[in-house]
Amino acid sequence: MQGTSYENMTIIVQNYVESLISKYPYWNRTLGADHFFVTCHDVGVRATEGFPLLVKNSIRVVCSPSYDVGFIPHKDVALPQVLQPFALPAGGNDLENRTKLGFWAGHRNSKIRVILARVWENDTELDISNNRINRAIGPLVYQKRFYSTKFCICPGGSQVNSARIADSIHYGCVPVILSNYYDLPFNDILDWHKFAVVLKEHDVYRLKQILKDLADAEFVALHKNLVKVQKHFQWNSPPIRYDAFHMVMYELWLRHHVIKY
């Protein structure tokens, strides 16, 4: 759909769904309440939100579960944003290598990222870069930072979600979620507080102290649990038991307890 306006994208989606409705009887049984559709990119969210019949009735499986685009937690499903294949092997059980307290590098494309960079970019214990690491420095420098860090800071960008969260989990770096309203992926199934640090955006000013106040035993427990959940954020072809595909399917199955026809 390169070069296509959001309005035209919406028309394309609407025409497609309406053709399915007219061709198959299944939609009409519940007006689409027992149907779901998947879109990870924000373009997909924009293209579908202009078609209320689809958005309000069907289950949306989206990477950007923002309330400002009508995400409904008990109906819709938050999809982890994962860029695969991962460039390097999974990390974990490697605490002796994790000497840096915290790490983040990225574009300042949101208010929380601007504050994070401004407050902490010159800190000696937090490795905070207000731009993405230049690939000219060397191959996979960005990914390798995850192996040497205890906590990886995950502020939202243009959307509340970030592929950095799945990267952190894969590389064994405890994610620090900085968001006021992120419905985290699989939070009906997983207790994120057991393998991540979940903070509000105003906590960014106390970020270093919050992380340093965590006892060593607490960090060890978070890291061990993180290794246990890595399989849930891995996509495989064909799917493997308990991987991300099965987690999404289970989330969808849970919705049949909520949605009454």
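- Within a 6.0 Å sphere centred on CZ of Phe86, heavy atoms belonging to other residues, nucleotides or ligands number more than 12.
- Other residues, nucleotides and ligands contribute more than 12 heavy atoms inside 6.0 Å of the NZ atom of Lys208.
- A single hydrophobic cluster is seen to contain both Val248 and Trp253, as judged by linkage of ILVMFWY side chains at heavy-atom distances under 4.5 Å, directly or through other members.
- Cluster membership for Tyr142 and Leu140, using ILVMFWY side-chain heavy atoms within less than 4.5 angstrom, is shared.
- Taking the six-membered ring for Trp and the full ring otherwise, Phe103 and Phe151 have centroids separated by 6.0 Å or more.
- Side-chain contact between Arg98 and His223 is present, with at least one heavy-atom pair separated by less than 4.5 Å.
- With rounding to the nearest 0.5 Å, the separation of NZ in Lys224 from CZ in Phe219 is 11.5 Å.
- Following chains of ILVMFWY side-chain contacts shorter than 4.5 Å, one cannot reach Val17 starting from Leu31, and the two form parts of different hydrophobic clusters.
- Between Tyr171 and Tyr147, the ring-plane angle classifies as perpendicular under the 30° and 60° cut-offs.
- At least one test fails for Lys228 against the ring of Phe195: distance under 6.0 Å to the centre or angle within 45° of the axis.
- Contact of the Leu211 side chain with the Val176 side chain is registered, since non-hydrogen atoms from C-beta on lie closer than 4.5 Å.
- The pair Asp203-Arg206 meets the salt-bridge criterion, with a side-chain N (NZ, NE, NH1 or NH2) lying under 4.0 Å from an Asp/Glu carboxylate O.
- Within a 6.0 Å radius of CG in Asp213, more than 12 heavy atoms belonging to other residues, nucleotides or ligands are found.
- A donor-acceptor pair is defined here as one N or O able to donate and one able to accept, closer than 3.5 Å; such a pair exists between the side chain of Thr10 and the backbone of Ala47.
- Placement of Leu254 and Phe36 within a single hydrophobic cluster is found when ILVMFWY residues are connected by side-chain heavy-atom separations under 4.5 Å, directly or transitively.
- Side chains of His170 and Asp167: a donor-acceptor N/O pair is absent below 3.5 angstrom, by distance only.
- Interatomic distance, CZ of Phe146 versus CD of Gln143, reported as 7.5 Å (0.5 Å rounding).
- Side-chain contact check for Ile153 versus Leu207: some heavy-atom pair is nearer than 4.5 Å.
- At least one side-chain heavy atom of Ile169 sits less than 4.5 Å from a side-chain heavy atom of Pro175.
- Using a 3.5 Å distance cut-off with no hydrogens or angles, the side chains of Gln234 and Gln230 do not pair a donor with an acceptor.
- Proximity of Glu125 to Lys212: side-chain heavy atoms (C-beta onward) are separated by under 4.5 Å at one or more points.
- Arg164 contributes a side-chain N or O that, together with a main-chain N or O of Ala105, makes up a donor-acceptor pair within less than 3.5 Å.
- Of the N and O atoms on the side chains of Asn161 and Gln81, at least one donor lies less than 3.5 Å from an acceptor on the other residue.
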**Request:** Would you please test Lys111 and Glu201 for salt bridge (charged side-chain N to carboxylate O under 4.0 Å, His left out) and show each step?
**Result:** CA-CA 10 Å; Lys111 181 180 178 181; Glu201 291 185 3; over 6 Å; no
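- In this structure, the side chains of Ile21 and Leu53 come closer than 4.5 Å at one or more pairs of heavy atoms.
- In this structure, the side chain of Arg60 does not engage the main chain of Lys75 through any donor-acceptor pair within 3.5 Å.
- With hydrogens and angles disregarded, no donor-acceptor distance shorter than 3.5 Å links the side chain of Asp94 to the backbone of Asn97.
- Going from atom CD1 of Ile177 over to atom OG of Ser162 covers 8.5 Å, rounded to the nearest 0.5 Å.
- Note on Leu199 and Leu214: same hydrophobic cluster, where clusters join Ile, Leu, Val, Met, Phe, Trp and Tyr whose side-chain heavy atoms are under 4.5 Å apart, directly or indirectly.
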